[in-house]
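All values below come from the heavy atoms of this structure, side chains included, with hydrogens, waters and symmetry mates left out. Labels below follow one simple rule: chain letters A, B, ... track the order of the sequence lines, proteins then strands, and each chain is numbered from 1.
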There are 2 protein chains.
Amino acid sequence: MYPAFRSNCPIASALDLFGDKWTLVVLRTIFAGRHRFGELGGMAEPIATNMLADRLQRLEDFGLIERRVYSERPPRHEYWLTPRGADALPILQAMAAWSQQHIPDRWASPGWFAEGVPQDFYPKP
Amino acid sequence: MYPAFRSNCPIASALDLFGDKWTLVVLRTIFAGRHRFGELGGMAEPIATNMLADRLQRLEDFGLIERRVYSERPPRHEYWLTPRGADALPILQAMAAWSQQHIPDRWASPGWFAEGVPQDFYPKP
DNA sequence: CGGGATCCTAGTGGATACTG
DNA sequence: CAGTATCCACTAGGATCCCG
C-alpha cells in the first residue's frame, strides 16, 4: 500500500508519497472546493480518468482524503480532505508563493481558478 | 529550455519545474551543504550520474543553482544555490514538517543526515 | 573527478470503449 | 455519473562504459 521509501529523509519520503506529476494537483483542486470525480476530471490540467482514479485511490490509502458515497441516481461520490490531507496546505502555499515570486509572468494572467479558490489559498505576491 | 506548463496555476507550474522524482531531493542535498558532483551522487538516495547531471543542468537553466568551475587537477565543480533557489527552502521545510507529523515512525530513526544539515533545516516535530 | 554517450527497461500516462 | 478495462506510446529513469 505504501510506496518503497528511498531513505529516512522526511523530504524524500514526502516526495515518495506525493511527489509525482498529479497527486498535488489533484489535492489542490480538492482544496479549491472541487469534490466530485467529474469536477476533478474537468480541471484546467487535462488528466485521464484512470490516472485520476489511481491518484484518488492512493490519496485515500495514505489517509489524505476520504471518500463519501451517496446513494442516489445517478450515483454521487465525493472526496474530502482529512486532517492529514489538510495539513498539506502549507506545502501547496509554499509552492504557490515561490511561483508567484519567480514565474510572475505566468501568474500575472487571470489564473484559471479565480473563483472557487478559498480567499487566502494563493498567498499575496 | 522551460518545460511545457500545463496551466496558469502557480502550483501546477511549480510542479512542472521541479515536481519530478529527483529535483527537490538534489536541491535538499545542496541546502544540506553538499556542493560537489560526487557528494551529490553519494547521497542516501542512489541516483544515476546521468540523472544527476540532467537535474543539475535543469536547475541551473531555471536559475535555482549556480555552477562554479575551479581550474584544478583533478577538476572541481561546485553547485551553489542562487537567491531564487534559496527561496525554495519553505517548500522543503513544509514537506519535512508534514512528514514529521504524519510519518513519524520513519522520522524517529536517526535520520540519514544528522550531521551536515543546517540547524533549523528540519523543523521540530 | 565530472560528467557524456548508449542502450535498455519499467512504469507513467493517454485514448478509447465499456459497465453498474 | 463514476469509474474499470484494455491497449498503446512515450519518456523518465537506470546500468554501464568511456573520455577530457
Short side-chain to backbone donor-acceptor contact, W98(A) and P10(B), under 3.5 Å: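 No, because the side chain of W98(A) does not come within donor-acceptor range (under 3.5 Å) of the backbone of P10(B).
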Helix axis bend for the helix from dC1(C)-dG20(D) to dG20(C)-dC1(D) - C1'-based end axes, five pairs, 10° rounding: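 The angle, to the nearest 10 degrees, is 50°.
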Between protein and nucleic acid, restricted to nucleotides 11-18 of chain C and to nitrogen or oxygen atoms under 3.5 Å apart, what atom pairs and distances do you find?
residue	atom	partner	partner atom	Å
dG13(C)	OP2	R55(A)	NH1	3.2
dG13(C)	OP2	R55(A)	NH2	2.9
dG14(C)	O6	N50(A)	ND2	3.2
dA15(C)	N6	N50(A)	ND2	2.9

May I have all residue pairs that pass ring-ring contact (aromatic ring centres under 6.0 Å, His included) and include part of residues 40-61 of chain A, sequence neighbours excluded?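 Checked against ring-ring contact (aromatic ring centres under 6.0 Å, His included) - neighbours excluded - no pair reaches residues 40-61 of chain A.
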Hey, could you give me the CZ/CD1 distance between R55(B) and I65(B), rounded to the nearest 0.5 Å?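 Between R55(B) CZ and I65(B) CD1, I get 12.0 Å after rounding to 0.5 Å.
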Gap separating the CD atom of E45(B) from the CZ atom of F5(A), nearest 0.5 angstrom: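 Separation between the atoms: 12.5 Å.
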With sequence neighbours excluded, what pairs up with D16(B) under the side-chain hydrogen bond (donor to acceptor under 3.5 Å, both in side chains) test?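 Testing D16(B) for side-chain hydrogen bond (donor to acceptor under 3.5 Å, both in side chains), a comparison that skips the adjacent residues, returns R6(B).
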Result block: side-chain N/O donor-acceptor pairs under 3.5 angstrom for residues 87-95 of chain A, not counting sequence neighbours:
residue	atom	partner	partner atom	Å
D87(A)	OD2	H102(B)	NE2	2.8
Q93(A)	NE2	D120(A)	O	3.4

Expected output is a numbered-order residue list: members of residues 70-81 of chain A with a heavy atom under 4.0 Å from any atom of DNA chain C. What is it?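 Correct list: P75(A).
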Residues in side chain to side chain contact (heavy atoms under 4.5 Å, CB included) with [X], at least two apart?
X: R76(A); value: R36(A), Y70(A), E72(A), E78(A)
X: T49(B); value: F37(B)
X: A48(A); value: N50(A), M51(A)

Rounded distance in Å - [atom1] ([X]) to [atom2] ([N]):
X: L52(B); N: dG2(C); atom1: CG; atom2: P; result: 10 Å
X: H35(B); N: dG2(C); atom1: NE2; atom2: P; result: 13 Å
X: R36(B); N: dG3(C); atom1: CZ; atom2: P; result: 10 Å

Taking 5' to 3' order, which nucleotide of DNA chain D is first and which is last to have an atom within less than 4.0 Å of a heavy atom in chain A?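 Using the under 4.0 Å cut-off, the span is dC1(D) to dT6(D).
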Could you tell me which residues satisfy salt bridge (charged side-chain N to carboxylate O under 4.0 Å, His left out) with E66(A), sequence neighbours excluded, listed by chain and number?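 With sequence neighbours excluded, E66(A) shows a salt bridge (charged side-chain N to carboxylate O under 4.0 Å, His left out) to R68(A), given in chain and number order.
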Stepwise side-chain contact (heavy atoms from CB on, under 4.5 Å) test for R58(B) and D54(B): CA-CA 6 Å; R58(B) 284 174 56 93; D54(B) 183 78; 3.6 Å; yes
Y79(A): what forms a ring-ring contact (aromatic ring centres under 6.0 Å, His included) with it, not counting sequence neighbours?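 In terms of ring-ring contact (aromatic ring centres under 6.0 Å, His included), with neighbours along the sequence ignored, Y79(A) is linked to no residue.
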Quick check on side-chain contact (heavy atoms from CB on, under 4.5 Å): which of D61(B), V26(B), T23(B), L64(B) does L56(B) satisfy it with?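 Result for side-chain contact (heavy atoms from CB on, under 4.5 Å) with L56(B): V26(B).
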